[in-house]
Amino acid sequence: MTRVWQWNRPVTVREVLEDLQRERSIAYTTVMTVMDNLHQKGWVRREVDGRAYRYTAVSTRAAYSAALMNEAWSQSDNPAAALVAFFGMMSPEQREALQDAVRMVSPGPVETPADDTESESGR
């Protein structure tokens with residue numbers, strides 16, 4: 001999937017194979033099986049191109065990652081605790097990216113505990 005997402009265009013098994021072979025030895029049939037499995041799982045769609053298929057990602061890498069996070073979170077018996085633990089694992093850069101993302105989807109300003117403290121001290 002990484003190659004399909006990186007290239008962001010329809011790819012053949014041969015293209016993926018040649019790219020992977022730069023890093024390690026791998027058989028054509030292995031790549032073909034993996035691409036077919038991805039198709040069977042609904043992660044890629046394929047179209048016939050001559051005697052081969054061209055595979056295209058069904059969703060973006062970001063959408064796939066979001067779906068994985070949502071699935072893991074929804075399976076928790078305590079979603080709030082799971083989020084707190086997840087946030088605790090984040091680097092400062094990741095927390096900043098999270099705050100930026102929340103700002104993008106929130107209809108109004110996002111208040112943090114620091115904001116509440118400042119507003120109360122100003123009274």
Side-chain angles (χ1 to χ4, degrees):
M1 278 308 299
T2 299
R3 295 323 194 266
V4 177
W5 282 321
Q6 284 175 341
W7 294 335
N8 197 27
R9 63 172 175 78
V11 299
T12 64
V13 169
R14 175 79 47 205
E15 291 172 314
V16 174
L17 172 72
E18 290 172 358
D19 193 52
L20 290 171
Q21 284 180 332
R22 294 179 193 165
E23 300 169 12
R24 61 191 168 112
S25 178
I26 189 168
Y28 180 91
T29 54
T30 301
V31 178
M32 183 177 64
T33 298
V34 170
M35 296 301 285
D36 185 60
N37 288 342
L38 292 171
H39 176 258
Q40 296 299 321
K41 291 179 180 183
W43 295 5
V44 295
R45 76 176 61 86
R46 67 183 178 195
E47 296 179 13
V48 176
D49 184 12
R51 292 179 52 204
Y53 287 114
R54 287 206 171 265
Y55 295 86
T56 307
V58 170
S59 67
T60 64
R61 187 175 203 151
Y64 173 73
S65 297
L68 283 178
M69 289 187 285
N70 186 56
E71 182 180 342
W73 184 50
S74 66
Q75 291 179 6
S76 173
D77 60 346
N78 187 340
L83 283 175
V84 169
F86 180 63
F87 297 157
M89 295 177 197
M90 292 178 150
S91 69
E93 294 80 15
Q94 290 171 320
R95 283 193 294 276
E96 186 175 327
L98 176 64
Q99 288 174 336
D100 291 343
V102 169
R103 279 189 212 95
M104 283 190 256
V105 298
S106 293
V110 176
E111 288 191 26
T112 63
D115 294 337
D116 292 341
T117 304
E118 289 173 12
S119 63
E120 288 178 16
S121 64
R123 289 183 194 170

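Along the sequence shown, the residues carry numbers beginning at 1.
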| request: Give a yes or no on whether Glu96 atom CD has more than 12 heavy-atom contacts from other residues, nucleotides or ligands under 6.0 Å away. | output: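 Check fails, neighbour count at 12 or below.
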
| request: Determine whether more than 12 heavy atoms belonging to other residues, nucleotides or ligands lie under 6.0 Å from atom CD of Glu47. | output: no

For [X] and [Y], work out which heavy atoms get closest and say how close.
| X | Y | answer |
| --- | --- | --- |
| Val4 | Thr56 | CG1-C, 4.1 Å |
| Trp73 | Ala82 | CD1-CB, 4.2 Å |
| Val11 | Met35 | CG2-CE, 4.3 Å |
| Tyr55 | Asp36 | OH-N, 4.3 Å |
| Val13 | Met32 | CG1-N, 3.7 Å |
| Ala57 | Arg45 | O-NH1, 3.9 Å |

| message | For Ala72, is there any backbone N or O sitting under 3.5 Å from a side-chain donor or acceptor partner on Gln75? | response |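 Not a single qualifying donor-acceptor pair exists.
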
| Can you tell me if Asn78 uses its side chain to pair, donor with acceptor, with the backbone of Ala81 under 3.5 Å? |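 Checked: pair present.
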
| query | Looking at side-chain heavy atoms only, is the closest gap between Tyr28 and Leu17 below 4.5 Å? | reply | yes

| Beyond-backbone contact of Gln99 with Gln94, side-chain heavy atoms, under 4.5 angstrom |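 A side-chain contact is absent here, since even the closest heavy-atom pair is not under 4.5 Å.
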
| query | Who are the side-chain contact (heavy atoms from CB on, under 4.5 Å) partners of Ser25, not counting sequence neighbours? | reply |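 Listed in chain order: nothing, the list is empty.
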
| task | Tell me, please, which residues at least two apart from Ser74 pass side-chain contact (heavy atoms from CB on, under 4.5 Å). | result | none

Got a second to check how far [X]'s [atom1] is from [Y]'s [atom2], nearest 0.5 Å?
| X | Y | atom1 | atom2 | value |
| --- | --- | --- | --- | --- |
| Arg54 | Asp49 | CZ | CG | 4.5 Å |
| Ser76 | Glu71 | OG | CD | 13.0 Å |
| Asn37 | Gln40 | CG | CD | 7.5 Å |
| Ile26 | Glu18 | CD1 | CD | 13.0 Å |

| said: Determine whether Tyr64 and Trp5 satisfy the following criterion, ring pair (Phe, Tyr, Trp, His ring centres under 6.0 Å), listing intermediate values before the conclusion. | reply: CA-CA 11 Å; Tyr64 173 73; Trp5 282 321; 5.5 Å; yes

| message | Starting from Val84 and following side-chain heavy-atom contacts under 4.5 Å between hydrophobic residues (I, L, V, M, F, W, Y), which residues can be reached? | response |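 Hydrophobic cluster check, Val84: no partners found.
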
Determine, using the 4.5 Å side-chain heavy-atom cutoff (strictly less than), whether [X] and [Y] are members of one ILVMFWY cluster.
| X | Y | value |
| --- | --- | --- |
| Tyr53 | Val58 | no |
| Val16 | Val48 | yes |
| Leu68 | Met90 | no |

| task | Salt-bridge test for Glu23 and Arg3: reply yes if a basic N is under 4.0 Å from a carboxylate O, no otherwise. | result |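 Result for this pair is yes, salt bridge flagged.
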
